[in-house]
Protein chains: 4
Amino acid sequence: MNAQRRAPRAARRNEAARRAILTAALALTAQDGYARLTIERIAVKAGTGKQTIYRWWPSKGAVLLDALLMISEGDGDGTRPAELPDTGDLEADLKAVLHATVSELNTPEISKPMRALALEMLGDDVLAADYRQRLERPVKEMKRRRLRRAQLAGHLAPEVDLDVAIEMIWGPLRNRWLHREGPLTSSYVDTVLKTALDGMRPRP
Amino acid sequence: MNAQRRAPRAARRNEAARRAILTAALALTAQDGYARLTIERIAVKAGTGKQTIYRWWPSKGAVLLDALLMISEGDGDGTRPAELPDTGDLEADLKAVLHATVSELNTPEISKPMRALALEMLGDDVLAADYRQRLERPVKEMKRRRLRRAQLAGHLAPEVDLDVAIEMIWGPLRNRWLHREGPLTSSYVDTVLKTALDGMRPRP
Amino acid sequence: MNAQRRAPRAARRNEAARRAILTAALALTAQDGYARLTIERIAVKAGTGKQTIYRWWPSKGAVLLDALLMISEGDGDGTRPAELPDTGDLEADLKAVLHATVSELNTPEISKPMRALALEMLGDDVLAADYRQRLERPVKEMKRRRLRRAQLAGHLAPEVDLDVAIEMIWGPLRNRWLHREGPLTSSYVDTVLKTALDGMRPRP
Amino acid sequence: MNAQRRAPRAARRNEAARRAILTAALALTAQDGYARLTIERIAVKAGTGKQTIYRWWPSKGAVLLDALLMISEGDGDGTRPAELPDTGDLEADLKAVLHATVSELNTPEISKPMRALALEMLGDDVLAADYRQRLERPVKEMKRRRLRRAQLAGHLAPEVDLDVAIEMIWGPLRNRWLHREGPLTSSYVDTVLKTALDGMRPRP
DNA sequence: ATTTAAACGAGACGGTACGTCACGTCTTCTG
DNA sequence: CAGAAGACGTGACGTACCGTCTCGTTTAAAT
């Protein structure tokens, strides 16, 4: 199948070196900040040659993307959660999800490389597309499915555009985090969530 | 203010060199992209020495910030518009403002250096603070004043947090632009605006 | 001799690969010059793995040495001529030999790899010793035998040091060639030969 | 004058850095051998940036050439000896000169970088031409003048080609040194000199 | 109307990192 | 099981810019 077609080159890949590189990239970003992250430093820290990095990744940003994927796949049992919670109470469910995200974004080991990746994507369309494909899209579809169910259950007005709804609910949090426009607190996301949902409830 | 602190030294400052540098920075960013913008290239293009740039600006980003200020001050008669339109129809007024912004963000000569500046600010807090002080704050207060008037006129629910409202109305546009998540169209901002305002109208 | 030392391993040696490597080395040296000759390019051109080269030769220079031996053994019937001509006329005989050498040195396919080998030997004593053993020594002894016979026949003064004589006759040609100090012509070697022999004839 | 026309660029040159680079190149060549001489090592040892070397020299070989010129100009009072000795006894004079050269070539600090330069010249025609212009030519003309005077004084046959004579006298020494074909001793050059001169004396 | 001190253009300098090349070794798969 | 294929750690390459530092040379102020 198609995995086999790709195999000839990737088969030879040294998995230990791959993990060492991703781990080193995360550690250096967390330690010294992204500005001081260098291919050479990653290589030294990982105990590999620079060429091994250039062979498999087109840029620092691509390394970070893989590193973050490694983290998220390492969570739990190796599979990604497939659905947002659905207890029937939309606001409570989203609150729980948002609080978890707030907590994650307040964790420097995750937040720092994520911001670095976001920064890099702003200037690298290929990387951004890759990110959307591999990390953002599945998450977004999960969100869309949850909102669709709410819509069918009559908790959201039928005319609401779900993509806009997602932007309204999650966008402010991302902005605050990315642009450091204020502290990331549970009460902030609660306010945003309430305001957003209020605008999308079915009209009587 | 900033200008006053360094006024004694600035007395000798060569205004022609200053403009040449800002113009060169904009031109190079528009031409080759921000990634290829360097102090040396700005200096060569502007026909100045590197030291003249280092003397007056702490970083590339600061040059861009001044360059964008130069553009925005060059508009009209040299003074910034102090207020958003207020015809009494909030949605119509905001629609007009948002359409103007969409048009501006679809102009590469403005959009490219602006995105570059946004990128630079993500990694440079001093620059970000300076930006907020000099460009963002006055604009945000303008928005806040307009929404406050709408609230007093009973077009917005009194309990709405105006900062959250601003985020709801302008945030999605900024996100779409900054992260290139989709085309910037009038209809998109119209949809966002309608959804946002629906959630903030006074309850009967 | 050398072959006997490594015979045990050589039993398995792939002769086709050996010839492909030597031929590739010569071709690449003639084409692109010695400076651009690398083990990797030889391997690619020869269609072998790099390891096959490293297994059998200690250096690029050693490959070239074998390649030149392959050429010289390929001449005629596979055996090397054992003696310089001896018609009784020393000057005429040497002239013939020197003219043949001049012609060979004006042939780029031979001259370029030979110069490369000479260059490599300057910085590699082991290679130089190997070269002297396998290529230079037999040739030099041939020359010495011819001059010895001339001495016995009374065409050279008995007190002449034959090694010095060889240096006087063949040295200038080698220098001119190796250091590109001038064109390699028959008349040049004729002049050198005449001057040298004049100094070595028996005194009356 | 013309020195001033060239001056604009060279005037700014940092003489201390130049000397540090040449000294470092000599020291490293003497210590570790030419094979381990690297632009990066020269820069580190000299305490300069690599670019300072690349700015002023096109290659390692060119650095060595300047380094050797620095040595030879450093001898005595800063001027190069203009003539070989001429006591009227050609053989004695040349013997003295050759013995001095033998002594020099047995000094590793001089001999090692000189051999390295010779090696480099074999593969770099521009460098070789520069070498001939700046080091070899003046020396060769000195030799030619001495032999010419000997010819006029009747110590050399009038029909002798002086360039060939130079090659006969000095060539064997250079060869032995360059190709390490034997020990460099006074008696060797004496033998060569005697043989060569014997062939060039006026015929009765 | 001179002086004089700064800002200026030019660009050399010590550095850091880049992305590439080739080295010589090691590993995997294939004929 | 030798050999092709090529990944790997290593180290040097030559280049691009960094930010600092002289150099003369304007140039505008305070004499």
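In what follows, every chain begins at residue 1, and chains take the letters A, B, ... in the order their sequences are listed.
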**Student:** Are more than 12 heavy atoms, taken from residues, nucleotides or ligands other than C:Arg19, located less than 6.0 Å from that residue's CZ atom?
**Tutor:** no

**Student:** Here's a test of your reading of the structure: between D:Thr38 and A:Thr48, which maps to the more 5' nucleotide of DNA chain F?
**Tutor:** A:Thr48

**Student:** Looking at A:Trp57, I'd like to know if the NZ or CZ of A:Arg13 sits under 6.0 Å from its six-membered ring centre while staying within 45 degrees of the ring's axis.
**Tutor:** yes

**Student:** Can you tell me the distance, in whole Å, between the CD1 atom of A:Ile39 and the P atom of F:dA16?
**Tutor:** 19 Å

**Student:** Can you check the B:Ile53 CD1 to E:dA10 P distance for me, whole Å?
**Tutor:** 12 Å

**Student:** For A:Arg12 and F:dA5, is the shortest distance between a side-chain N/O and OP1 or OP2 below 4.0 Å?
**Tutor:** no

**Student:** Considering the options A:Leu26, A:Ile53, A:Ile39, A:Asn14, which one meets the side chain to side chain contact (heavy atoms under 4.5 Å, CB included) requirement together with A:Ile21?
**Tutor:** A:Ile53

**Student:** Please report, rounded to the nearest Å, how far the C1' atom of F:dC23 is from the CG atom of D:Asn14.
**Tutor:** 13 Å

**Student:** Kindly say if A:Trp56 contacts the phosphate of F:dC8, meaning a side-chain N or O under 4.0 Å from OP1 or OP2.
**Tutor:** yes

**Student:** Looking at the side chain of D:Tyr54, which of F:dT15, E:dC23, F:dC18 is the nearest nucleotide?
**Tutor:** F:dT15

**Student:** Please determine whether any donor N or O and acceptor N or O are separated by less than 3.5 Å between the side chain of D:Lys50 and the base of F:dG14.
**Tutor:** yes

**Student:** Is the base of E:dC13 touched by the side chain of D:Gln51 through a donor-acceptor pair closer than 3.5 angstrom?
**Tutor:** no

**Student:** Any side-chain heavy-atom pair from C:Ile42 and C:Thr48 closer than 4.5 angstrom?
**Tutor:** no

**Student:** Just compare E:dC8, F:dG19, E:dC13 and give me whichever is closest to any side-chain atom of B:Thr52.
**Tutor:** E:dC8

**Student:** Side chain of C:Glu40 only, heavy atoms from C-beta on: which candidate in E:dC23, F:dC17, E:dA17 is closest?
**Tutor:** E:dC23

**Student:** Rounded to whole Å, how long is the line connecting atom CZ of C:Arg55 with atom P of E:dC26?
**Tutor:** 13 Å

**Student:** From CD1 of A:Ile42 over to P of E:dA17, roughly how many Å is that when rounded to an integer?
**Tutor:** 12 Å

**Student:** Given atom CZ of B:Arg41 and atom C1' of F:dC18, what is their separation to the nearest angstrom?
**Tutor:** 15 Å

**Student:** Take the protein atom CD1 of C:Ile21 and the nucleotide atom C1' of F:dG3, then report the distance between them rounded to whole Å.
**Tutor:** 10 Å

**Student:** Starting from the 5' end of DNA chain F, give me the residue, D:Arg36 or B:Pro58, whose nearest nucleotide shows up first.
**Tutor:** D:Arg36

**Student:** Starting the side chain at C-beta, find the nucleotide from F:dG3, F:dA7, E:dG14 nearest to D:Ala17.
**Tutor:** E:dG14

**Student:** Taking 4.0 angstrom as the limit, do C:Lys50 and C:Glu40 come out as a salt bridge?
**Tutor:** yes

**Student:** Does A:Arg13 put a side-chain nitrogen or oxygen below 4.0 Å from OP1 or OP2 of F:dA7?
**Tutor:** no

**Student:** What is the separation between atom CD on B:Glu15 and atom P on E:dA7, rounded to the nearest whole Å?
**Tutor:** 15 Å

